[in-house]
2 protein chains.
Amino acid sequence: MVQTKIASATRRPCELCPLRGRSAFRDFAPEELAFVSSFKQAELTVEAGGALIVEGEQHPQLYTALGGWGFRYKILEDGRRQILNYILPGDLIGLQGNLMSEMLHSVEALTRMTLCIFERERLTALFRNHPSLAYDLTWIASREESMLDEHLLSIGRRTALERAAYLLAFLDHRAHMTGIFTADVPHVLPLTQQHVADTLGLSLVHTNKTLKRLSEIGLLRWLDRGCEVLDRGRLLDIAGWQPAPEGLRPFI
Amino acid sequence: MVQTKIASATRRPCELCPLRGRSAFRDFAPEELAFVSSFKQAELTVEAGGALIVEGEQHPQLYTALGGWGFRYKILEDGRRQILNYILPGDLIGLQGNLMSEMLHSVEALTRMTLCIFERERLTALFRNHPSLAYDLTWIASREESMLDEHLLSIGRRTALERAAYLLAFLDHRAHMTGIFTADVPHVLPLTQQHVADTLGLSLVHTNKTLKRLSEIGLLRWLDRGCEVLDRGRLLDIAGWQPAPEGLRPFI
DNA sequence: CGTGGAATTGACTAAGGTCAAAGTTAGTGG
DNA sequence: CCACTAACTTTGACCTTAGTCAATTCCACG
């Protein structure tokens, strides 16, 4: 949690971006690609548990997650923590909250993450010269909002069991959509029960008992620091949720 | 709640927009104003309780609230309702959720609302020709996100008393910032306790008891269908919250 | 072997939900 | 002007869910 970031020397060109060509993402026009390439400053690697963004600090960079898992959160003065959303490859980090002033939330890596760094300053050039990318940026912000809406509904109105079912189905769905659950890796959500608790607004103990209920009926398997979803359909039934169909999505 | 919208014949030019010139909002350059004027289709009036947007429906318009109060919400199949955020003058409605496909939440008027109508289709032209307005749009989406982050923290991690204090301080603050609490009107948040309950994720009964506690120590007065905040400072203390300082904000 | 983070479990407590009824108030129509 | 209604608010009694406390167990790792 207090580990520092580790900047890597990598300077992979956008043409070789690991996200490019994944079936979930839209293609770029050549001129868009050229601009994004110039927009990109460097790549960054953050170890699991490392702090990427700290609430209250100025943060002149934006990031796009290229690999790994992270999460955004806020804490109250006495330490109560609320996880706001999870970050998966393709997600833009730093757009939430004010566009230019200090950060209103923190971001921490759940696994080792690789990120692409952009300078906030250059957003102006993006808006001025690349309307289609500007549109994408708004689209991305809008998508984040709709996820937050869902979470709010969940925490506000669902029972503990429904919330847990919703969260795990949601993350499993996103992982699949993003293409990080390939055939060769185990399909595990890299969470501790503390993360689940802090996302659902529940205590750790109650979260544990709730997850146990879901395990017992065979909907998931809890591993050492992770969760394997065994039956997303039935989780969705319990939650009374249906993921919104999503076409090709942009990323920057 | 099932009343229909009432389109008014008004076609007030943007130069006479009631928001323009209010101290909270930024000024437009002449060419921006000209574009927004052409962007604007008409004005709309919705009576209190009227449905402006219904979840699941296609909605080719965007709105900017000019006057009155509204709220966005989602419901579960069995009727449990979660209010996501409130809409005040200057807020853009319809950007949340997917930019172009069906609406993912509903919007209802809390008081009589007047709105400015834009065609979603013309967003493309806005992005292409008015980078500064495109930037504003992203800024607005980003601001909505940061409000949702706050709400999530509140519902997930604050006690009933803290949540109520937070919500009322939040709304009172926004009302003041937006300039709708002028000297000649009573400074009343136009809510029922059911709205408060559905925002805080609490039952109506418990909400009532919680609000009573806040009244008894003199922090607010509950009126027939509304709330008068008497001591925002102490509400903020209870909530452990501090509104983020906000400079001039854009609107479209 | 130890050690520390994570997961589990049981006993008890408290916050908040549910049910049911009654009181208030604004508005409506006679 | 007044009775009537419907929507809101208020209150008390009781129940359920979830939180707290305190151990214990289970691993992964050095």
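Computation of the quantities below employed the complete heavy-atom set of this structure, encompassing side-chain atoms and omitting hydrogens, waters and symmetry-equivalent molecules. What you see is a predicted model, and the numbers here were worked out from it, not measured in a lab. Just so we're on the same page: letters track the sequence lines, and every chain starts at 1.
Here the P atom of nucleotide dT9(D) and the CZ atom of R221(B) are 16 Å apart, to the nearest Å. For the pair R163(A) CZ and dT17(D) P, the computed distance is 13 Å after rounding to whole Å. When rounded to the nearest whole Å, the span between CG of L211(B) and P of dT11(D) equals 12 Å. Residue K212(B) contributes atom NZ, which lies 11 Å from atom C1' of dT9(D) at whole-angstrom precision. For the pair R213(B) CZ and dT10(D) C1', the interatomic distance rounds to 16 Å; values are reported in whole Å.
Within the structure, every side-chain polar atom (N or O) of K209(B) is placed at least 4.0 Å from both OP1 and OP2 of dG17(C). For N208(B) and dT10(D), the shortest distance from a side-chain N or O to OP1 or OP2 is below 4.0 Å.
When each of dT20(D), dA18(D), dT9(D) is scored by its nearest atom to the side-chain atoms of L204(B), the top-ranked nucleotide is dT9(D). For V205(A), counting side-chain heavy atoms from C-beta on, the closest listed nucleotide (dA18(D), dC21(D), dT9(D)) is dC21(D). Listed nucleotides: dT20(D), dG17(C), dT9(D). Nearest to the side chain of W222(B): dT9(D).
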Requested in this report: Any chance you could lay out the salt bridge (Lys or Arg N to Asp or Glu O under 4.0 Å) test for R72(B) and D91(B), step after step, and finish with the verdict?
Outcome: CA-CA 12 Å; R72(B) 305 196 298 116; D91(B) 289 352; over 6 Å; no
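Put simply, the side chain of K74(B) reaches to within 4.5 Å of the side chain of E55(B), judged on heavy atoms.
Of the residues in residues 185-202 of chain A, those lying under 4.0 Å from DNA chain D by heavy-atom distance are G201(A), L202(A).
Note on ring orientation: taking the six-membered ring where Trp is involved, the planes of F181(B) and W69(B) are tilted (angle from 30° to 60°).
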Identify all side-chain donor-acceptor contacts of residues 224-238 of chain B below 3.5 Å with residues at least two apart in sequence or on another chain.
from    : atom 1 : to      : atom 2 : distance (Å)
E228(B) : OE1    : R221(B) : NE     : 3.3
D231(B) : OD1    : G233(B) : N      : 3.3
D231(B) : OD1    : R234(B) : N      : 3.1
R232(B) : NH1    : D172(B) : OD2    : 2.8

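Residues L161(A) and R225(B) each lie close to DNA chain D; by heavy-atom proximity, the contact nearer the 5' end of the strand is made by R225(B). Both G226(A) and H206(B) lie close to DNA chain C; mapped to their nearest nucleotides by heavy-atom distance, the more 5′-ward contact belongs to G226(A).
Listed by first then second residue, pairs satisfying ring pair (Phe, Tyr, Trp, His ring centres under 6.0 Å) with a partner in residues 188-227 of chain B read F71(B)-H195(B), not counting sequence neighbours.
Side-chain atoms of R163(B) come within 3.5 Å of backbone N or O of L200(B) as a donor-acceptor pair.
For D198(B) and R80(B), the salt-bridge test fails: no basic side-chain N is under 4.0 Å from an acidic carboxylate O.
No engagement by T210(A) is indicated, since no non-hydrogen atom pair under 4.0 Å with the nucleic acid exists.
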